[in-house]
Amino acid sequence: MKVMSLVCASITLAFSGLSVSAEIDKANIQQFGPVASVTAQALSASSHNDALRANLAQSLSLNDEIDILGESYRWDKAKNSTDKGWIGYKLQLSAERFTQGTLTINGVNQPQVYLNGALYKADAKVELALQSGDYQLMILADGIDEEVPFSLDWQGKSDIDNPSFTTTKTHRVSPAQLFDSEVITSLSLSPNGKYLLQTKRHYPANNDDKPVAVTELLNVSDKQVMYRWQDSAPASATWSDNSKQLAFVADKQIQLLTVSNISIDVAATQMENVSALKWYGDSLLFQWEKTFKADEKATNKRFQALEDRWSYWRNNSQIYQLDITSGFIRQLTDGKLSSNLLDSHPDDDKLLLTRFPVDYKEPAHGLTQLVELDVNTLTETLIGEYRTFNSAVYTDDGMYIMAGPDFMKGLGVQDPSVVVNNYDGQLYWRDASGKVIPLSKDFDPAIGGAGKLSNDDLILRVGEGDRGQLYLFDLSRKSFKKINTGMDMVNHFSVASDLSKPVIAYAGTSATVPQKAYLIKSGKKALLFDSQAASYADTRIGDIQDFDFTNTHGHNIDGRVYFPVDFDANKQYPALVYYYGGTAPVTRNFTGRWPFNLWAAKGYVVYVLQPNGATGYGQAFSGRHVNAWGDYSADDIIEGTQAFLKEHKFVDPKRVGNMGASYGGFMTMYLATKTDIFAASMAHAGISNLSAYWGHGWWGYGYSGVASKGSFPWNNRDLYVEHSPLYNADKINTPLLLLHGNADTNVPVGESHYMYSALKMLDKPVELIEFNGQDHHINGRQARFDWWDATLAWFDLHLKDEPQWWNKLYPETSTENSAEAAVK
């Protein structure tokens with residue numbers, strides 16, 4: 001277990017209560033050593049003391065027994081000792097609330113304190129400020145002090161700062177576990193299914209918040225590593241059709257790995273900004289981007305189109321062909337519009353490309369051109385221009401196309417009376433004559449990624465409600481068959497494209513189960529990777545139960561409930577309600593930006609629901625997202641929360657909070673204008689003014705072309721004004737926390753400022769926190785921890801009546817000032 005994100009500093013006591021001081025029972029302390037190995041310097045005296053002890057601490061925190069220079073040592077009960085040598089102590093600490101106090105270490109020389117395996121502080125007195133959770137506390141010292149008996153003393157800041165010290169080896173999940181633990185981030189099976197390229201990533205302790213990524217080439221039969229990359233990871237890797245070579249980009253070169261002898265050759269150099277490698281016979285196709293550079297002396301920029309708000313729009317990418325033998329590179333496309341490579345058909349000497357001309361005439365106010373290129377003559381054929389389009393792939397005598405229901409004037413629409421949601425992905429077939437038929441019109445899951453088999457069947461990754469599943473599409477039968485993956489969410493998958501029977505490598509999670517990876521062959525699964533065993537073996541995860549309800553319109557609303565670790569039905573718990581409310585469901589991933597299992601570990605019951613508008617539940621359900629902006633979804637969230645509270649008597653109805661991000665942040669603000677059912681709310685990167693987002697957000701006009709199809713500020717004032725929370729801010733009474741990255745290009749930070757200004761003017765309870773340099777998603781490691789901390793501290797303040805954490809994080813807020821005034 002690695003270090004948690006902690007806040008540590010001395011602050012003035014802002015509440016009444018007496019401090020608690022006590023010696024920690026030695027029965028709860030384990031001892032390692034003394035280790036009397038002869039060394040030129042004591043641990044603390046070496047010029048490399050931090051590195052020496054960091055390596056030792058990691059090993060000691062993870063192992064019960066260690067061999068040191070041929071001699072075996074193990075952790076045992078703490079005891080008085082007069083032996084010489086460096087020594088270690090460890091104990092388990094549990095905090096049920098935000099806890100502050102001082103740990104005093106007596107009787108050892110030069111102690112260094114580690115929390116969850118990472119250095120916390122080198123001192124005999126250490127001030128701790130701990131979130132609720134379980135910790136491993138470890139001390140390394142040069143040796144014992146012969147004149148002072150060893151002891152550990154805890155002095156709480158007040159009578160509420162009273163952690164427990166135990167000998168248990170299990171612990172609740174921590175933020176660092178959820179963010180740092182090793183996971184698979186990509187998979188690529190060779191066409192013959194014999195080799196697997198996989199990339200793993202993790203965040204080591206004491207590595208300056210930098211991830212370590214390792215890419216490995218495995219022999220599937222014995223799982224042995226054939227080659228490993230670390231410092232220069234392969235990008236855009238692609239297998240040759242015969243599985244004999246792997247092409248990739250590294251160090252601004254196109255390189256070739258030959259599997260038979262594991263040799264690497266350089267096929268081309270000076271390959272900066274090269275991507276989308278794809279074998280074409282014995283040659284390679286790729287996209288090569290030329291970055292636009294503005295005049296350095298320019299003081300202004302004249303926009304050429306709405307797309308010019310995108311920093312990369314003026315870059316130009318074209319398709320090239322590399323002859324492996326000679327190194328000759330041939331340019332295949334040219335023009336002002338970038339060309340994007342979708343697929344190739346070497347037998348017919350054809351390539352499939354897309355281009356995106358500027359065209360705002362119809363929703364979604366963008367256009368995709370699907371183009372076929374003759375590789376021999378470089379002549380182009382425009383297959384079609386589409387307002388909804390996702391991808392396409394060749395077959396022997398046609399092609400698959402993935403797009404929304406409105407593709408080709410509504411070819412995939414189930415019910416013409418429904419204004420469909422074009423984020424609800426559908427599958428189509430186009431034969432050699434150009435005839436197109438829908439394949440998934442009666443298939444409710446939303447079509448996502450696809451991998452093609454040699455017989456032109458597809459392995460599809462689909463959104464099926466709040467799950468991400470794999471299906472086999474049989475082209476001859478025009479039928480879908482679900483593949484038993486054994487997990488809720490398949491996040492990465494790859495198929496052996498030279499085989500007709502599915503051989504699939506995939507990785508994913510379930511709602512309360514960390515990542516696993518498997519290989520399916522002949523219907524049998526073989527485990528490739530198990531994050532649970534590697535990183536969560538001693539972790540207690542709470543239970544989960546499905547909770548659906550039927551709304552007043554007769555629609556089934558899908559939901560699930562996460563229970564606190566060590567749940568007791570006789571207690572009364574606070575609850576958090578989470579939703580998106582936009583076009584995508586809140587999926588059942590184990591971790592991510594919204595860590596439901598962490599919230600449950602912090603003592604909250606968590607209710608997650610999928611209101612009307614989400615894809616994966618059928619076109620009628622997802623279509624209720626269009627031109628709604630809060631209609632249906634707000635009612636579903638309010639009804640769902642009421643049904644949840646009625647069913648779960650152990651939840652205190654006066655201590656329920658709600659939150660969401662992006663469209664979900666809009667929903668949080670919108671709900672605050674409609675109901676007082678929630679005791680506190682949090683909106684991250686929420687939209688408060690629909691017109692402002694439509695005109696200023698990077699994706700505003702395009703997203704609105706789907707979500708507000710045919711509606712504009714000048715022809716639908718009711719939608720853009722009455723549905724904007726800003727124009728109803730006077731109806732808000734719920735304490736509202738607004739979080740936003742100040743570098744957000746999707747939903748500009750002004751959306752939170754509008755609401756903050758309104759509520760301040762109205763003297764309503766509101767807080768605004770900006771995250772410096774963060775975009776729409778808070779992705780930086782420490783920023784993510786700070787973001788999680790701010791959210792949970794806010795709800796602890798309002799739902800648990802525990803202001804200490806919030807006041808520690810933000811001591812200048814009016815909340816603390818009020819607390820200090822009350823004490824005086």
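Heavy-atom basis, side chains included; hydrogens, waters and symmetry copies ignored.
In terms of the salt bridge (Lys or Arg N to Asp or Glu O under 4.0 Å) criterion, Glu639 has no residue partners (sequence neighbours excluded). Listed by chain and residue number, Asn491, Thr587 satisfy the side-chain hydrogen bond (donor to acceptor under 3.5 Å, both in side chains) test with Asn589 (two or more places apart in sequence, or in another chain). Legend: residues meeting side-chain hydrogen bond (donor to acceptor under 3.5 Å, both in side chains) with Tyr312, ordered by chain and number and at least two apart, are absent. Under the side chain to side chain contact (heavy atoms under 4.5 Å, CB included) criterion, Ala584 pairs with Tyr580, sequence neighbours left out. Qualifying side chain to side chain contact (heavy atoms under 4.5 Å, CB included) partners for Glu647, counting only residues two or more places apart in sequence or in other chains: Phe547. For Ser662, the side-chain hydrogen bond (donor to acceptor under 3.5 Å, both in side chains) partners are His776, not counting sequence neighbours. Qualifying side chain to side chain contact (heavy atoms under 4.5 Å, CB included) partners for Ala692, counting only residues two or more places apart in sequence or in other chains: Asn689, Glu751, Tyr754. Contacts of Phe621 classified as ring-ring contact (aromatic ring centres under 6.0 Å, His included), with partners at least two apart in sequence or in another chain: Tyr617. Under the side-chain hydrogen bond (donor to acceptor under 3.5 Å, both in side chains) criterion, Ser311 pairs with no residue at all, not counting sequence neighbours.
Identified under the side-chain hydrogen bond (donor to acceptor under 3.5 Å, both in side chains) test for residues 673-682, with sequence neighbours left out: Asn658-Ser681. Within the structure, side-chain hydrogen bond (donor to acceptor under 3.5 Å, both in side chains) contacts touching residues 690-700 (residues at least two apart or in different chains) are Tyr693-Asn746.
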Report, one line per pair, each donor and acceptor closer than 3.5 Å where one atom sits in a side chain of residues 702-712; sequence neighbours left out.
from   : atom 1 : to     : atom 2 : distance (Å)
Tyr703 : OH     : His625 : NE2    : 2.9
Ser704 : OG     : Gly700 : O      : 2.8
Ser708 : OG     : Trp629 : NE1    : 2.6
Lys709 : NZ     : Asp406 : OD2    : 2.6
Ser711 : OG     : Asn627 : OD1    : 2.7
Ser711 : OG     : Asn716 : ND2    : 3.1

